[in-house]
Q: 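First, the structure itself, so that you have it in front of you.
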Amino acid sequence: MHKYEKIWLSLGMASLVLFLVIIFVSAIHNGHAPAASGREFIDPEMVDKKEPFNKPGLHKVEGKDWDYELVFVVSAFNYNPGEVKIPKGSKVKIIATSKDVNHGFEIAHTNVNMMIEPGHISNFVKTFDKKGEYLLLCNEYCGTGHADMKSIIKVVDK
Ligand SMILES: [Cu+2]
């Protein structure tokens with residue numbers, strides 16, 4: 001085998017091994033948390049009893065960087081609340097968790113797209129400044145009722 005060929009092959013092998021080690025270490029050491037999640041955790045069996053998930057829906061808040069908190073409890077195969085009205089122009093912190101398996105959380109035609117994983121709390125801050133009806137849907141296959149999972153977000157005049 002040619003000398004340069006050998007060097008090239010060993011570089012290729014070495015980078016492959018390096019990438020595998022990085023994936024392995026991050027999986028074991030850091031865990032694989034949903035991208036939109038902070039480091040907030042919750043017992044999936046206690047979701048209905050714990051704040052803020054004991055009161056799903058839109059709540060006005062004071063003294064924070066956002067105007068409302070929108071709390072979603074996600075489970076197979078539904079989003080609670082199933083319909084929300086948001087005053088146009090509001091800055092909303094979406095807070096969501098799952099009671100059972102992994103679900104998706106995509107608000108069509110917006111940049112909101114989260115993974116909802118049991119045990120984790122996912123957040124997303126978004127200003128809704130365009131009036132209209134937005135479909136919230138699950139983009140992570142979660143079982144037989146997956147295709148029916150939805151909620152409607154209505155951005156309305158104040
Ligand atoms: Cu699903």
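In listed order, ligands and their atoms are each counted from 1.
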Q: Hey, are the side chains of Leu137 and Glu106 touching, using non-hydrogen atoms and a 4.5 Å cut-off?
A: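 Yes. Closest side-chain heavy atoms under 4.5 Å.
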Q: Which atom, counting only N, O or S, brings Glu140 closest to the Cu ion (ligand 1)?
A: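 Of the nitrogen, oxygen and sulfur atoms in Glu140, the Cu ion (ligand 1) lies nearest to O.
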Q: A side-chain contact here means heavy atoms from C-beta on lying under 4.5 Å apart; do His59 and Tyr68 qualify?
A: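 No, too far: nothing below the 4.5 Å cut-off.
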Q: Do any N/O/S atoms of Cys138 come under 2.8 Å of the Cu ion (ligand 1)?
A: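 Yes, since at least one N, O or S atom of Cys138 sits under 2.8 Å from the Cu ion (ligand 1).
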Q: Charged N to carboxylate O under 4.0 angstrom, Lys99 versus Asp48?
A: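 Here Lys99 pairs with Asp48 in a salt bridge, since their nearest N and O are under 4.0 Å apart.
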Q: Does the side chain of Ile94 reach to within under 4.5 Å of the side chain of Ile107, using non-hydrogen atoms?
A: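 Heavy-atom side-chain distance check passes, below 4.5 Å.
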Q: Tell me which N, O or S atom of His146 sits nearest to the Cu ion (ligand 1).
A: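 His146's closest N, O or S atom to the Cu ion (ligand 1) is named ND1.
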